[in-house]
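For clarity, every value in this text was computed on a predicted model and none was experimentally measured.
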Amino acid sequence: MMLTQTPGTATASSRRSQIRSAAHVSAKVAPRPTPFSVASPATAASPATAAARRTLHRTAAAATGAPTASGAGVAKTLDNVYDVIVVGGGLSGLVTGQALAAQHKIQNFLVTEARERVGGNITSMSGDGYVWEEGPNSFQPNDSMLQIAVDSGCEKDLVFGDPTAPRFVWWEGKLRPVPSGLDAFTFDLMSIPGKIRAGLGAIGLINGAMPSFEESVEQFIRRNLGDEVFFRLIEPFCSGVYAGDPSKLSMKAAFNRIWILEKNGGSLVGGAIKLFQERQSNPAPPRDPRLPPKPKGQTVGSFRKGLKMLPDAIERNIPDKIRVNWKLVSLGREADGRYGLVYDTPEGRVKVFARAVALTAPSYVVADLVKEQAPAAAEALGSFDYPPVGAVTLSYPLSAVREERKASDGSVPGFGQLHPRTQGITTLGTIYSSSLFPGRAPEGHMLLLNYIGGTTNRGIVNQTTEQLVEQVDKDLRNMVIKPDAPKPRVVGVRVWPRAIPQFNLGHLEQLDKARKALDAAGLQGVHLGGNYVSGVALGKVVEHGYESAANLAKSVSKAAVKA
C-alpha cells in the first residue's frame with residue numbers, strides 16, 4: 001500500500017499528537033502513496049540527529065567546494081563538474097546513486113533532495129511498542145529488491161510475511177479469501193458460472209479479438225475474464241494498489257506483464273505458455289550468488305524496523321554524495337554542453353554543473369522545472385494525476401477482533417483485506433500489520449494500517465483527522481472488529497494530498513511526448529525517473545533505478561568521448 005516519514009526522541013504519544021495536528025498541514029504541501037504493497041518514506045530524526053546530519057552535509061559540501069556562507073540572489077558557482085546529478089532523494093534516486101558508485105565506478109556525482117531527509121514517501125514510525133508505516137507498507141521480494149538489500153548492506157534485516165497467510169475481499173457482507181492455489185476451485189468469492197467464464201476466457205475461447213485501441217483495465221479484464229473477476233478481484237486490487245479507477249487505468253501501462261501475454265499469445269494462457277517456452281530456450285543468466293533464497297509462495301517483505309531501513313542504509317553508503325535541503329530552482333543547458341543547475345541551499349544559492357542529469361522527483365515538480373525550456377514536456381508531465389491518500393493506523397486489543405477471524409490459538413492470521421467500491425465501504429483496504437511482520441505491536445494488540453481516499457474519494461483532504469479515524473473505525477466494525485469494541489488507539493494518521501501517480505489511458509504516450517520534447521529542447525542528457533516512469537511498486541522503482549544508473553553511465557561515457 002502507501003507512504004512515509006520517521007520518528008525521533010519525542011515520546012510516541014507526543015508524536016501522535018503532532019501527527020494528528022500536522023496531518024492536514026503536511027497534506028497541503030506533500031507527495032504520494034498505495035495500498036496492498038507498493039512506492040517510499042523516510043525517518044523523522046530527533047533534533048540532535050537532524051542537526052548532526054545537517055552538519056555532516058555542510059562539511060561534505062565544503063569539502064567538495066560548495067560555499068559555506070549564505071548568499072542572496074546571485075548563485076555561487078562550484079568549480080567541479082559532476083558526471084551525474086540525481087535530482088530527488090527518494091528510493092529511485094538513492095538506488096541510482098548507489099548503483100553509479102558500486103556497479104559503474106562513477107564517484108563524481110551528487111544526489112540532491114529538497115526535503116530535510118532522504119527516502120521520499122517511505123515513512124516508518126515507531127514508539128510505545130509499535131512500528132508502523134505511513135507510506136508504502138511492503139514489497140514483492142523479487143531479485144531487484146533482494147539485490148538492493150544486499151548492495152546496501154541490510155539483507156540481514158529482511159523480514160517476510162507468512163506465504164500461507166490469506167488475503168480477503170469484502171463481498172456481500174462477508175470477508176472471503178482470495179484463491180492462492182488449489183482453492184481456486186473451491187473458494188466462494190466467485191460463483192461457479194463466474195469461474196467457468198474466467199477459465200474459458202483465459203484460454204482464448206470467448207475473449208474476442210484484441211482491439212486496436214488502448215483498453216482500460218476494466219475493458220481488458222471484463223473481455224478476457226468476465227464481470228465477476230473484474231468486480232470481485234481486479235477492481236478492489238486497483239483501488240488498493242493504485243488508489244485508482246480501473247475504468248481510467250491503462251491495462252498496457254499499469255499491468256503490462258499481463259497485457260503482453262494476450263498480445264504475444266492470443267490469450268492469457270497462450271501467452272503464458274509462449275513465455276515459458278521462450279525462457280526454456282533462452283534461460284536467464286545465473287542468479288547472483290550473494291542474494292538470499294527467494295521466499296516461497298505468495299508473500300511480501302519489509303525490514304525489521306520498517307522500510308526506512310533501506311534508504312537509511314543507502315544513505316550510509318554514500319553520505320558524501322547526498323545533499324539534503326537542496327531545492328532545485330532552475331535547470332538549463334550551458335553553451336559548452338554541460339547542464340547548469342541552480343539550487344537554494346542552507347548555505348545560500350548555489351550553481352553546479354553536470355554532464356548528465358536524472359530527474360526522479362514527481363512529474364509535477366519536473367514539469368515546473370522544464371516549463372520554460374521545454375513547454376511541451378512540461379505540459380505532458382503536468383497531465384499525470386496524483387490523487388490524495390490517507391494512511392490511518394489504529395490499534396485494538398485482540399479481544400476486540402471478531403471470533404470468526406481468529407485462529408484456534410487466538411491469533412489473527414492474514415495479510416489484509418480489500419474493499420470493492422460497490423460494497424459500501426469507504427476505506428480502500430486494510431493491512432494486518434501485526435500479523436504480517438514480527439514486532440509491529442505490543443503483545444495482545446492488533447495493529448491495522450488502513451488506506452482511504454484515492455481517485456474516487458478526493459474529499460479526504462478536507463476532512464479532519466478525527467473524521468478520518470471515525471470513518472475507518474466504522475468500516476472496520478462492519479467487517480473485522482466487534483461492534484461493541486472499545487475505541488481504537490490512534491497510532492498514526494498521515495494524509496498525502498498527492499499520492500500515487502495514475503497510469504491512466506494515454507500515460508505511455510504522454511511520457512514519450514515528454515522525452516521527445518526534452519530532446520528537441522537540447523536536453524538529451526536529462527533522464528526522467530521516479531515511480532511515474534517505472535511503476536508504483538517498490539520492486540519496479542528499484543529495478544528502474546539500476547537501469548537508470550546503467551543508462552547514465554553510458555551517457556557519461558559518450559560525453560567524455562565527445563569532450
If you draw a 6.0 Å radius around CD in E443, do more than 12 non-hydrogen atoms from other residues or ligands fall strictly inside? no
Are any of the side-chain nitrogens in R222 or E218 under 4.0 Å away from the carboxylate oxygens of its partner? yes
Got a sec, which pairs hit salt bridge (Lys or Arg N to Asp or Glu O under 4.0 Å) with one end in residues 384-399, sequence neighbours left out? D385-R458
Within the 6.0 Å centroid threshold, strictly below: F230 and F237: no
Do K195's NZ or CZ and the ring of F187 fall within the cation-pi criteria of under 6.0 Å and 45°? yes
For the residue pair N317 and Q98, confirm or rule out a side-chain donor-acceptor distance under 3.5 Å. yes
Centroid-centroid under 6.0 Å between F255 and Y242 rings: yes
Once ring-ring contact (aromatic ring centres under 6.0 Å, His included) is applied, do any residues pair with H507, and if so which ones, sequence neighbours excluded? F384, F503
Sub-3.5 Å donor-acceptor pair from the side chain of D475 to the main-chain atoms of T427, do we have one? yes
List the residues meeting side-chain hydrogen bond (donor to acceptor under 3.5 Å, both in side chains) with S144, not counting sequence neighbours, and say none if there are none. none
Identify each donor-acceptor pair in which a side-chain atom of residues 534-546 lies under 3.5 Å from a protein atom, sequence neighbours left out, and give them as a table.
unit_1, atom_1, unit_2, atom_2, d
S534, OG, G530, O, 3.3
Y546, OH, I148, N, 3.4
Y546, OH, D151, OD2, 2.7

N-O pairing of R176 and D188 below 4.0 Å: yes
Determine whether the aromatic ring centres of Y432 and F415 lie less than 6.0 Å apart. no
Could you note down all residue pairs passing salt bridge (Lys or Arg N to Asp or Glu O under 4.0 Å) where residues 240-253 supplies at least one of them, sequence neighbours left out? none
Taking the six-membered ring of F168 as reference, does the NZ or CZ atom of R405 fall below 6.0 Å from its centre and within a 45° cone about the axis? yes
Can you list the residues that meet the salt bridge (charged side-chain N to carboxylate O under 4.0 Å, His left out) rule with E228, with sequence neighbours excluded? R232
Does D484 pair with R477 as a salt bridge, N-O distance under 4.0 Å? no
